[in-house]
Amino acid sequence: MENPIIELRGLTKCYGSVKAVDDLNLNIQKGEIFGLLGPNGAGKTTTILMMLGLTDPTSGTAHVCGYNATTSPIPVKRKIGYMPDSLGFYDGMTALENLIYIGELNGISDSEIKDRARNVMRMVGLENEIDKKTSTYSRGMKQRLGLADVLIKQPDVLILDEPTLGIDPSGVKEFLGLIRRLSRQQGLTVLLSSHHLHHVQQVCDRVGIFVKGKLLVEGNMDTLSKNLFEEKAFEVSVLLRNSLALPWEYESEFLQLNGIKQVAVDGQQIAVTSSHDNTPEIVKFFVLKGYEVVGVQRKEHALDDIYQKYFEKSLNL
Amino acid sequence: MSNFVVSFKRNITENTDEPRSNPFWVMVRREIASHIRSWRFVLLLGLVALTFFGSIYVSFGNIGDAVNDVKDPDHLFVYLKLLTTTDGNLPAFHVLLSFLGPLLGISLGFDAINAEKQNGTLIRILAQPVYRDNLLLSKFTGSLVLVGALFLVLTLIMVGTGLFVTGVLIEAEEALRILSFAIVCVMYIGFWLSLSILLSIAFAQAATSALAAIGIWLFLTVFYQIGISMVVKALVPASPVLSETDILSYNELLFRLFRLAPSQLFADATTTLLMPSVRSLGLITMEQMAGAIPSPLSYKESVMIVWPQISGLIAATVACFALSYYLFMRREVRS
């Protein structure tokens, strides 16, 4: 296997006694779109800052493109395009001037810089707003300008911190499509942090769920859901016309049905967890016992559940 | 510490290797451009220009008397007289400048870092391949270049107008003195600039850092002198007991304490540079004065007198800058 483009080894960051990032190990390969998924305050931004050398890790190392981000941040920053979660531009300058400034800081030659700026503005669909002051830009436009801003230096790695924050749903779709297209066309490695699973799910090849400074699980969507299914199996909820009297006389009998693991009764609602799909048997059981079944719902495992499950787990730690 | 040294070495080697435009000058350019476009600078420019032309106007009205005053050993330095003569209504330009200078320095620097941080531009810039110290230095250099240009222009206007009105050719020594005066002004403003940049790093809110800077300025110009006088008065025993040398030494102490304030250093330096007959900044005993003819000093001698003051100003500036560097280099930058 070739060398990973981002390699984090035992990365730890403490603020006082609080561990913001706890012994994080992560490899990201070239050309991959990796989603760092976690709730607010999970340490996603801190991890990203350590990759950029903007904050020093308490222990461990972060290597990006073969450079140690802590001791030699400059070559790392040449390779990374970083889009922070709250974007700011110089309000007194036009979008073009803002882009040119960033280009100049990256040492792009004067002859090339304007062409590149127009090119990236076309890519993100802002070519008509190029001479407007950035103070007149809307949130979504700023977000796209932010992407143009990281693309102008032609980076090898894109790091986007909460890129979908504050954009409307259609904008999100478009934005993520753009990122995916760019990654595929130019072989860019993308690290995307978000607390929004649906956004991550749309574009990422691989996802890491990150809670309280720890990477709980890492892999592509299939692996994640498989892991979950092994444990949690199927859920069926049955709705009856009349409330079930407790204690339930048939409880032990019901539990002997094939594969039933757990039953939770809440008035008319009965939630059954079983190791495989045995919805027909469950319904038959109720009908035979003379209950009036009003509704049966087999729960589909949405990815939201995966997310929820891992978060719950971590909260119970 | 070793990290700093390594980064410094790297800085040097990389800069020489790179033929492309240096990011440092790119930042300085942007800094100057944004200042020039801002209302703040226009207002300050107006204020300084108003002071300058006001005091020059007053001194033009009195220049005839000043130059004909034979008792004054400096009466033949027409251009120095233009800068220092007053009719008592408006203080001379260099005195006004000891108030305006801090204002200029503070207002150019008080939001240098924290405003960028609040706008979210700081993290974007630091995510580019630039050194952090270059950012600080560019803030300082950019503002100082502006101030320097401003004072050079004012000096040239003054000399030009003087030439036009009086018809007297400027002498080399006068030109040197006026130029040095401008440089000392820039240095003095540089001190306040680096102090306010330091405060802009220390405080997250621009308003807080501005207030802190103005507080320090007020303290040093008003309360510091009062405080020192009170303390020294309390320390000095009742006068009949004191010998002449004791009085001298107490006075010396008083002056030394005064000179901890940069405004005092600036006042000393400019007075000596603009009035060639000033021979000493402390007390002179009768014995020392005996036999001395009141005559102007040469440029070199005046500079020798104010050299400690100038070094003091530079040292204070560098100290503030070093502290800013220390605070800023390893700080975590978040948006």
Side-chain angles (χ1 to χ4, degrees), chain A residues 13 15 20 45-46 48-57 67 70-93 97-110 112-113 133-135 142 145-146 149-150 152-153 155 159 161-162, chain B residues 2-15 17-41 114-135 138 328-335:
Chain A
K13 174 76 182 178
Y15 294 104
T45 303
T46 312
I48 289 172
L49 290 183
M50 285 192 280
M51 282 182 218
L52 284 161
L54 288 176
T55 185
D56 295 348
Y67 299 100
T70 312
T71 55
S72 44
I74 299 293
V76 168
K77 288 183 205 169
R78 261 191 249 285
K79 302 277 186 188
I80 295 187
Y82 169 55
M83 189 168 115
D85 52 352
S86 64
L87 274 165
F89 297 95
Y90 292 106
D91 284 345
M93 293 168 25
E97 286 168 334
N98 266 294
L99 285 182
I100 288 178
Y101 180 49
I102 294 297
E104 281 176 329
L105 287 182
N106 281 287
I108 303 169
S109 64
D110 291 353
E112 208 186 332
I113 211 161
K133 293 228 163 134
T134 51
S135 50
K142 277 192 180 165
L145 180 58
D149 183 87
V150 294
I152 194 169
K153 66 201 268 192
I159 295 185
D161 197 354
E162 304 276 4
Chain B
S2 63
N3 265 344
F4 290 168
V5 175
V6 171
S7 87
F8 186 64
K9 273 187 198 149
R10 212 169 40 223
N11 201 352
I12 290 172
T13 50
E14 278 192 18
N15 281 350
D17 288 348
E18 252 171 39
R20 298 178 287 193
S21 71
N22 190 328
F24 171 67
W25 289 108
V26 174
M27 287 195 274
V28 171
R29 239 173 30 225
R30 196 209 68 82
E31 203 55 39
I32 294 176
S34 79
H35 271 315
I36 287 180
R37 286 184 198 165
S38 72
W39 271 107
R40 171 191 348 184
F41 186 70
N114 47 18
E116 289 230 15
K117 194 173 174 178
Q118 295 239 311
N119 290 340
T121 45
L122 184 63
I123 188 155
R124 248 181 68 236
I125 300 308
L126 289 182
Q128 310 306 325
V130 295
Y131 293 99
R132 284 192 186 194
D133 49 339
N134 274 358
L135 178 71
S138 72
F328 190 59
M329 280 316 276
R330 290 280 145 186
R331 166 179 286 193
E332 177 177 305
V333 177
R334 267 180 190 271
S335 45

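In what follows, chains carry the letters A, B, and so on, assigned in the order in which the sequence lines appear, proteins first and then strands, with residues in each chain numbered from 1.
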- Item | A:Asn98 side chain reached by B:Thr121 side chain, heavy atoms, under 4.5 Å | no
- Item | Stepwise side-chain contact (heavy atoms from CB on, under 4.5 Å) test for B:Arg124 and A:Tyr82 | CA-CA 8 Å; B:Arg124 248 181 68 236; A:Tyr82 169 55; over 6 Å; no
- Comparing A:Ile80, A:Asp149, A:Leu87, A:Leu52 against chain B, the one with the most heavy-atom pairs below 4.5 Å turns out to be A:Asp149
- Can you list the steps and then say if B:Ile125 with A:Ile102 is a side-chain contact (heavy atoms from CB on, under 4.5 Å)? CA-CA 8 Å; B:Ile125 300 308; A:Ile102 294 297; 3.9 Å; yes
- Atom CZ in A:Arg78, atom CD in B:Gln128: separation rounded to 0.5 Å? 11.0 Å
- Message: Are the side chains of B:Arg30 and A:Ile100 in contact, using a 4.5 Å heavy-atom criterion?
- Response: no
- With side chains defined as the heavy atoms from C-beta onward, is the minimum distance between B:Pro129 and A:Leu105 less than 4.5 Å? no
- Message: Given heavy-atom pairs under 4.5 angstrom as the criterion, report whether the side chain, backbone, both or neither of B:Arg331 touches chain A.
- Response: backbone
- Task: Give, for atom CZ of B:Arg37 and atom OH of A:Tyr90, the distance between the pair rounded to the nearest 0.5 Å.
- Result: 12.5 Å
- Against chain B, work out which of A:Asp91, A:Ile159, A:Thr46 has the most heavy-atom pairs shorter than 4.5 Å and name it. A:Thr46
- Using non-hydrogen atoms and a 4.5 Å limit, figure out which bit of A:Leu54 sits close to chain B: side chain, backbone, both or neither. both
- Query: What part of B:Gln118 is in contact with chain A, defined as an atom under 4.5 angstrom from a non-hydrogen atom: side chain, backbone, both or neither?
  - Reply: neither
- In this structure, OH of B:Tyr131 is separated from NZ of A:Lys77 (nearest 0.5 Å) by 9.5 Å
- At a heavy-atom separation under 4.5 Å, does A:Lys153 approach chain B through its side chain, its backbone, both, or neither? side chain
